[in-house]
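Have a look at the structure below, then the notes.
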Protein chains: 2
Amino acid sequence: MNARPTMQDVARIAGVSIKTVSRVVNQEPRVDPDTRARVQATIDDLGFRRNEQARSLRPGQSSSLIGLVSGDLGNPFYSAIARGIEEIAYEHGHLLLTASSEEQPERERQLIETYLQHNVAGLIVAPTLDAARTITPELLRGVPLVSVDRPVRDPDPFDTVLLDNRAGARRAVTQLIHDGHTRIAIIDGNPRVYTGQERTAGYLDALSEAGIAPQPNLMIHGHHGARHAEEATHALLSQEQRPSAIFATNNRIATGVIRALHARRRTLAVASFDDFEFADVINLPLTLVSYDAMDLGRAAAARLMQRIQGDGSPPQRLTQPVTLRVPGEQP
Amino acid sequence: MNARPTMQDVARIAGVSIKTVSRVVNQEPRVDPDTRARVQATIDDLGFRRNEQARSLRPGQSSSLIGLVSGDLGNPFYSAIARGIEEIAYEHGHLLLTASSEEQPERERQLIETYLQHNVAGLIVAPTLDAARTITPELLRGVPLVSVDRPVRDPDPFDTVLLDNRAGARRAVTQLIHDGHTRIAIIDGNPRVYTGQERTAGYLDALSEAGIAPQPNLMIHGHHGARHAEEATHALLSQEQRPSAIFATNNRIATGVIRALHARRRTLAVASFDDFEFADVINLPLTLVSYDAMDLGRAAAARLMQRIQGDGSPPQRLTQPVTLRVPGEQP
DNA sequence: TTGTACGCGTTATCAG
DNA sequence: CTGATAACGCGTACAA
């Protein structure tokens with residue numbers, strides 16, 4: 001419809017120069033109150049809005065855009081992170097671009113490049129497995145990046161916000177041991193995934209502390225998604241040395257475990273990283289490692305804002321706390 | 001670190017004019033192959049990337065940004081929509097901005113304004129209750145908008161993508177009637193919400209078709225969130241004329257209903273709009289209205305892409321299909 | 001207090 | 001086939 005009005009238009013109609021309009025828009029002090037009022041009236045009248053693209057074209061003016069690359073925004077874990085980032089970004093007057101890498105490093109790199117073409121002020125990335133190859137300081141050209149949930153590589157040249165994966169797993173498994181369990185199985189996903197590695201290490205920590213020797217036939221790896229975990233559970237319960245408890249390293253695996261137990265009408269103690277709704281309605285003794293995924297996003301965004309504002313300190317690794325929850329005990 | 005190279009830099013180093021670089025970057029045909037190769041080599045060498053902000057500063061060049069305003073990106077329903085939008089946007093070379101209105105009309109309006117300041121090519125909005133007042137064609141100034149999940153107003157001057165709320169509810173309740181139920185309660189949220197209204201209408205359709213008179217004391221409204229629905233369920237089960245089945249108009253309400261039934265160790269038939277994981281593990285006869293939320297996003301984005309490409313046809317109302325699912329019956 | 005002139009990085013026009 | 005030059009909308013020196 002109507003073309004969008006520019007400062008030029010406002011200036012012409014208000015009978016002032018473009019610079020005066022700029023001063024009013026940017027709330028600069030040295031403007032005559034009458035002039036200011038007249039210009040403001042024209043702005044309101046025309047519905048003028050500053051063109052942010054033109055504004056940030058000037059050097060020094062950063063673009064107030066930040067970019068997020070996660071594995072899959074449809075995954076509630078990542079969308080909670082996005083929501084947390086959004087909240088902090090909004091408070092700082094930034095907008096958030098979101099895109100999903102689908103865990104493909106090449107797509108991830110491409111998305112970052114596209115973001116850079118759009119002059120983002122900073123990036124937050126939940127890195128893919130092979131991000132270490134593709135995400136480099138040369139790619140970024142000085143644009144700050146904060147990784148979340150997993151590090152880009154280890155040690156990481158970027159700021160990183162992680163969960164306390166190892167301690168959380170250790171505490172959950174220790175709780176199972178406290179409850180008298182000694183044959184505790186673990187079902188993990190892709191063994192190359194950082195979080196799974198840490199959580200497996202925590203599982204071993206707990207066993208070791210209790211003087212329990214880990215049993216290879218109780219340690220299942222490479223079972224991605226609920227379906228695989230379901231099969232793995234059936235396999236575990238069919239073998240001779242059956243576990244009395246199962247530790248699932250994430251909630252998709254926990255879902256599979258619960259499905260399998262439900263199908264067999266078996267009651268087993270289940271511990272899991274990640275909390276979930278309906279935990280209270282499931283008739284199983286559960287021990288859940290709980291945390292606020294939004295806080296991960298908030299922390300990552302807060303760190304990024306510091307970087308955007310020029311913080312040049314060495315890369316930080318921030319660890320977010322987790323808590324143990326036993327459903328039935330209301331918080 | 002290194003400043004970002006510009007076309008100017010490429011031109012200087014390759015020994016050509018800036019326009020020739022532009023031609024190579026934009027794959028325009030009339031360039032000498034040798035020149036093209038030399039320029040391309042320089043581009044690769046310097047890692048040059050076109051500045052999209054500068055590009056879209058020119059009139060006519062739209063910005064390849066689209067904006068999404070939903071109630072809460074942390075809500076899996078909305079994040080699935082966002083994921084669907086993202087997918088289509090990516091295929092068309094567009095990037096997605098996301099932000100949450102928190103169901104506040106003023107914030108929603110502000111976010112739309114901010115998006116417009118950033119020159120978005122189009123908008124997708126899951127409108128708040130009072131969006132009818134704030135989202136107007138004047139606000140948008142010709143930028144296309146597609147509403148999703150709810151219309152902005154009725155009739156809607158914008159394209160809208162909705163679920164088949166009424167038919168879905170009707171089919172679910174009809175299923176309950178088929179199973180022999182006649183005292184079927186409904187628990188709905190805020191009666192001003194469009195989807196709840198439609199689903200309530202579908203509930204009444206089903207009763208009417210079966211010749212069952214609706215009973216006011218079985219129709220509960222205004223119970224937002226799982227907690228309220230839990231209380232409402234307790235109240236329903238404490239009154240004289242108890243229902244033998246409950247229809248929950250969304251999954252948060254269903255969660256409350258299931259919690260209450262679990263607490264009372266009661267088995268009741270439950271129908272609900274919205275599918276959810278764990279439905280298979282809950283020991284209750286469930287009837288779920290299921291759909292793919294990503295498809296909502298895909299449809300909205302596809303429509304928006306048509307508008308961005310200049311489609312000037314009258315506003316469309318697209319209805320996405322829903323299916324009935326009875327957990328236990330594997331798909 | 002206000003205005004003029006220039007530059008940001010790109011694309012479009014039009015001449016060579 | 002190639003290049004000089006003028007926009008695009010805004011902010012910033014520097015003048016007035």
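All chains are named by letter (A, B, ...) in the order of the sequence lines, taking the proteins before the strands, and each is independently numbered beginning at 1. Just so you know, these numbers use all the heavy atoms, side chains as well, and skip hydrogens, waters and symmetry mates.
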Euclidean distance, atom [atom1] of residue [X] to atom [atom2] of [N] [Å, nearest integer]:
X: A/Gln53; N: D/dG9; atom1: CD; atom2: C1'; value: 11 Å
X: A/Gln8; N: D/dA7; atom1: CD; atom2: C1'; value: 12 Å
X: A/His118; N: C/dG9; atom1: NE2; atom2: P; value: 17 Å
X: A/Asn119; N: C/dC8; atom1: CG; atom2: C1'; value: 11 Å
X: A/Glu28; N: D/dA13; atom1: CD; atom2: C1'; value: 13 Å
X: B/Met7; N: C/dA12; atom1: CE; atom2: C1'; value: 13 Å
X: B/Gln117; N: D/dG9; atom1: CD; atom2: P; value: 15 Å
X: A/Asn26; N: D/dC10; atom1: CG; atom2: C1'; value: 9 Å

Salt bridge or not between [X] and [Y]? Use side-chain N to carboxylate O under 4.0 Å.
X: A/Arg298; Y: A/Asp295; result: yes
X: A/Asp130; Y: A/Arg192; result: yes
X: B/Glu102; Y: A/Arg83; result: yes
X: A/Glu103; Y: A/Arg150; result: yes
X: B/Asp159; Y: B/Arg317; result: no

Is any side-chain N or O of A/Thr6 closer than 4.0 Å to OP1 or OP2 of D/dC8?
-> no

If you check the A/Leu57 side chain, which of D/dG11, C/dG9, C/dT2 turns out closest?
-> C/dG9

Choose from C/dT2, C/dT10, D/dC8 the nucleotide whose nearest atom is closest to any side-chain atom of A/Thr35.
-> C/dT2

Contacts to DNA chain C from residues 12-23 of chain B, heavy-atom cutoff under 4.0 Å, which residues?
-> B/Ile18, B/Lys19, B/Ser22

Mind running a 4.0 Å heavy-atom check of residues 36-51 of chain A against DNA chain C and sending the residues that fall below it, in number order?
-> none

Side chain of B/Thr114, backbone of B/Gln110: donor and acceptor closer than 3.5 Å?
-> yes

Can you tell which of A/Asp311, A/Ile66, A/Leu304 makes a side-chain contact (heavy atoms from CB on, under 4.5 Å) with A/Pro144?
-> A/Leu304

Step by step, would you call A/Asp156 with A/Arg153 a salt bridge (charged side-chain N to carboxylate O under 4.0 Å, His left out)?
-> CA-CA 5 Å; A/Asp156 203 320; A/Arg153 64 181 78 85; 5.4 Å; no

How about B/Arg4 and A/Asn119: does a side-chain donor come under 3.5 Å of a side-chain acceptor?
-> yes

